[in-house]
K.L.:
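Would you mind keeping the following structure in view while I ask a few things?
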Amino acid sequence: MSSPATDMADRAFVGMKRQVLRQVNHWEGAAERLDDFEATAPSSAWATLERYVGVTLRGELKDARDQLRREATAVRAVFKAARSRRELEQVADEVARLADRYLQTEQLVDFYVDAVRSRMNPELGAQIRACDIMAERAVGGVLEQLGRPAPPILTYPKPGRGASILRPGTRLWDGSLSRIAAIKITWHNRLQPTALTHECGHLVAGTVGWNDDFAHALRAHLSASSPIVAEQVAAWASEIAADSFAFACTGYAAVSTLSDVVAGRTAHVFRFIESDVHPISYLRVLLGVEMCRRFYGMGPWDELAATWRSLHNVAHASSFVAGLVGATLPLLPRVVDLALLTPMRCFGGRRLSDLADPQRVAPGTLRLMQRQAGGAAFSSSHWIWTECLRLTALSGLRYATEPEAGPEILKQQEDWMVRLGNMTLQQAA
Amino acid sequence: MMLQLKRDQSYGEYEVRSFAETPFLDPRANESEEEPLREGPAAEAFAADYEVSSPFVSGEWSETGETEAGTPKVAALGETAAELKDSEFREALEQLADEALEMHADQLAGEYGDRETRDLAAERLLLEHFEPLAAQAEATLDRFQETLETYETGALTEMEIERIAAEVLPTNQPLSPASEQFLGGLLRKAGNLIKKAAQAPLKLAGKGLAFVGKLALGPLFGPLKKLARFLLGHVVRFALNKLPATLQPLARKLSERLFHEMADAHESEAEQYEQTEAEGVPAAPDIARLEAEFDLHAAQLLLTPDEAEADHLVSAYGDEVDRGYESPLAALDRARAELADGLSRLRPGESAQPAMEQFLPAVAALWPAIKAGIAVVGRPKVINFIGGLLAKLVAPILGAEPAKLLAPALADVGFRAVGFETAPSNPQAIATEALAATVEEAAARLGELPPHVFENETLLDSAVREAFEDAASTYFPASLIKPELRETADRHGAWKRMPSDGREKRYAKYSEKLPVTITPRVAAGVHTFGGATLKDHLRDRMDIHPDRTVKTNVRLYQALPGTRASTIARAEGIRPHDLHPLTPHAAAALLGPAAAGLGRPTPPQFLHSPNQLHLRQRLYHIEPPHGRQYVHHRRHARLARTELLISLPKGEIQMWLFLSERLCQEISAELTKTHNAAAAFRLIKPLVHRAAHRLKAAILERHLPPDLRIISEAPNLDHRVPAWLRQVAHHLAAKVDEWASHQIVQYLQHNANEFRRISADHHDGLTLHIVMSRIPGFDVLQLAARGKPPKALEGTAWLNGTPVFVVHAHAGHKMHAHAHAGHRMHAHAEEKMHAHPEDKMHAHAGRKIK
């Protein structure tokens, strides 16, 4: 015969067990139903992914879900084995951890599924797919020469001012490592995808170790002028590297588009945040202009620089920023040399300009290509397929130099990007 | 001929010299001397005594020359069927099959239920898959018919029919590219039939197709819709490998009445062909056959006197879909499993002959009909003989002991890399699989032999040994094979049948991927399918600049029974048209002379397209250059290609040159840069030569290649190379080359701007269509085709002069575009330009070269 106290304890135990069981059921069920969540992106959207990207991505999502399920199964096993209140309390902790893990995994699935879902509209899907192809060209074109495989790349559009990248090997929300590169392109700039090449620059730099080599070179070669400035410029190395890569791929278009994105109130243009890896916007644009001058001589970028300087007077910057800008401006030609024309260990002793020659996207070369292709430049699948990056450079150049024709240029860019995207479209399963 | 087989030595005697007779090195040579040799108990004799009086049907087949024209009906049938031929339609059928298999791969891969149930379920699944397309085809043909019937017969010009066809093609339906291509091709075929009908309305009135100045097309379109639906049924059977790979002559598909008419007028069509030398055995049915059968039935609709006969014709075509035909492939799959099982169960010293004899009929069923007949008549003897010999050849490496010796070498060659996981745990399984593969391939190869070899014991003995040696050097690593028989001197891979798990082996794969360096010169010198070169492939499909040297790897594959290029492509995650024929020349050029043995001599008829392979044919796939592991692939990047049509009744030669998008942009850039037609012509010249070469090379083949069509008065349903062509092909090809070159140069000189304008069109590539008429010497050819070759044929004087010509340029791939030379065509072309802005231009009509 049991005592009333024991009965009460038993009842409390049973009650607690029921509560914990409900929670176990809830999170275990939620983990099971994550498959349905993935299915919210229709098969037609999944089919717009290049096969290897789709396979890798689905594999990654499946692994994440399987891991979560295994954890849920383990929690249920612990629950079944619980024989005491103390053990049940431990199970409740485990359930709370499982809930956290579920939410992390859900965030991961949401991130990718949302990226895939953004391709549901056929036209927009084709444009994004064109971005996939251009990214692969930009990254593969350089990595191939270095004997390095390019990772699968998934681009997706999002609102916002700037693009961004989630590199392969990044630790994701659920603790796993990403296997594909996910590049965010912005809505406003999706028809001028030079920012895409900037993000590709980050991918290349991260893959071959360019950021460290470049930072080291900046420190070594600029210290003689000013160790403090050298240290600061070296802290911006990764962004300067990405800008240089974008310039090598798309020439002046990269600079003019960048200036459009970072332009704003003068305070914004001169904003300096100590831990920010982005250079002060004022310097960033002028560095791009310096690249153009170094490789192409005089040109429309001179007008851009003059306007930029007159719109944003250094006198309006804080004294620290004015000093930093004043000390850095004379070093820009050296920075350009170090970024594009200096052999790097990570490039097998070659220079960036050997791997991606900015002369291929020089205004004169682009105009020559346009003349040779004639009317076919933006309509022939050959030109669109093989020269998509240079056509983007050409469109960007024209957009910068013929603003009165801006809407037609963007329409033309949109049309051929849709064609490019559709060239590889698989049939939806 | 007597077939005499003598009792062989006892197993004991044979053991002593066993390795000497096989292609294998004696593995015991590597063992320590202390280890005693395995003693084999006496085995029963491998073959019984035979004394058989001629077991074979005496072959008295002969191919008669084309001496007489057929009756007008049969001639019209031949001409119509030849004109219906459409490479894009054929391509669409192949792609439809692939699409369906790809889309339902998961369901089709199921292993539940017995084979028959699975087969039925698969067939039902694919028929359901094609149902929407079948409905769409019927609806499209209905719309076509309704529109056509509103026209006066006289107004139905070729251009108008094409325009209406383009108009009725569904544009707002979510159709796959292959489905669109199928519907487009179907309408072209229907349009061609209408053209024929419109050209002879009076004659057709009797068939109910013409009615007071207008066509009443119900009697034609009704059966045509049914044929289209049945065709999709045939595509399903094709996709599921349920069609026989070797088939009877097409004339057998004629209605009884027409067959007799044709047999009376033209015996050769109904005759069998006599094989006198070794020939490749098709690995799988040819999609071209499906098209040819459809065309023949469609063409007959114009000749059927009444509705009842048309109904009969259509239902006969449809019956073939319903008839439960079991493909020999299914039987082979079963026999293969039994052979592996039988070999692995053999006790030491036991003969493999019973297992061989049980297995061989399944392979013999794949042999061409002519040899299958022999095998049926003399089957017990022939199978006994071959089985006995094979059993003798495999005996030294049967059993657990030899397997243990073989396994390490087999495992060494990287079998795990191709999915064979049992290496460490089950050496006997590896050895048995290699042995079973060797036996099957040796037996399959016997199907290539001419019948006379089967009539002579010694010849057959020698052929079996040779086949076994070759097969063993394929499936066993070089280290186990005698040096003189090894496929390569410096590679250590071996071939493995895939998929490695499961009895349905569908292709073989070489265990190593081999590094290659492809220089521009090598690329230009190595031919791939359809007469194209690797240069074309690298340029048009891999986006590699023609000046670039490519360093990459190749993967090698081999066709087994049932292999189509798409079978390999699906399993390997590549595209069918990225597979190339690994001939000894290609192997030597790409892999070096020491690896030339990895190539396989391939008869010309199996070099036309990756869609028709022969058993044991070798293929290779070029991986994207190093580092480009992940690349986007373009859909439908077509290679530059040519087609040639010689029509004796019309006195016309038509040549189509499809310039791939990349090539046409290069030409366009040359025309812009240099304003000089010479540089541009240099880029087109290889294509003109290729067309001429196809004509010249046709004399070495039995059937015309798919890109060469010849219409003469005598029907030629099976597209045999006509006897008269063999006499004149060489000279005619040289002249066609000369004429076409002159015409294209003249075209480029006068029409550079138009060429550039058309190149800028959004369609992929550009088709140059050259129509030559009033051709010098055609009267002579017509006489020759009637079997009355004049003496003038000896020299080339009869071809002197120049034809009248027209050159059209069309945007995109328009190999089916039809045209007629002369002023009439000129007028039509102008008309068409207004109707179809994308249809380029009409170069110059009736211009004569001085």
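All chains are named by letter (A, B, ...) in the order of the sequence lines, taking the proteins before the strands, and each is independently numbered beginning at 1.
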K.L.:
Which answer fits A/R419, side chain, backbone, both or neither, if we ask what part of it has an atom under 4.5 Å from a heavy atom of chain B?
P.N.:
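Just the side chain, heavy atoms under 4.5 Å.
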K.L.:
Are B/D98 and B/R570 ion-paired here, with the side-chain N under 4.0 Å from a carboxylate O?
P.N.:
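Salt bridge present between B/D98 and B/R570.
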K.L.:
Kindly write out the residues that satisfy side chain to side chain donor-acceptor pair (under 3.5 Å) with B/R641, not counting sequence neighbours, or none if the list is empty.
P.N.:
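B/R641 satisfies side chain to side chain donor-acceptor pair (under 3.5 Å) with B/S87, B/E643, B/H813 once adjacent residues are dropped.
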K.L.:
Using non-hydrogen atoms and a 4.5 Å limit, figure out which bit of A/S380 sits close to chain B: side chain, backbone, both or neither.
P.N.:
both
K.L.:
Under the side chain to side chain donor-acceptor pair (under 3.5 Å) rule, collect the residues that match up with B/E102, sequence neighbours excluded.
P.N.:
A/R51
K.L.:
Which atoms of B/R662 are under 4.5 Å from chain A, going by heavy atoms: the side chain, the backbone, both sets, or neither?
P.N.:
both
K.L.:
Considering only heavy atoms from C-beta outward, does the side chain of A/F378 approach that of A/D415 to under 4.5 Å?
P.N.:
no
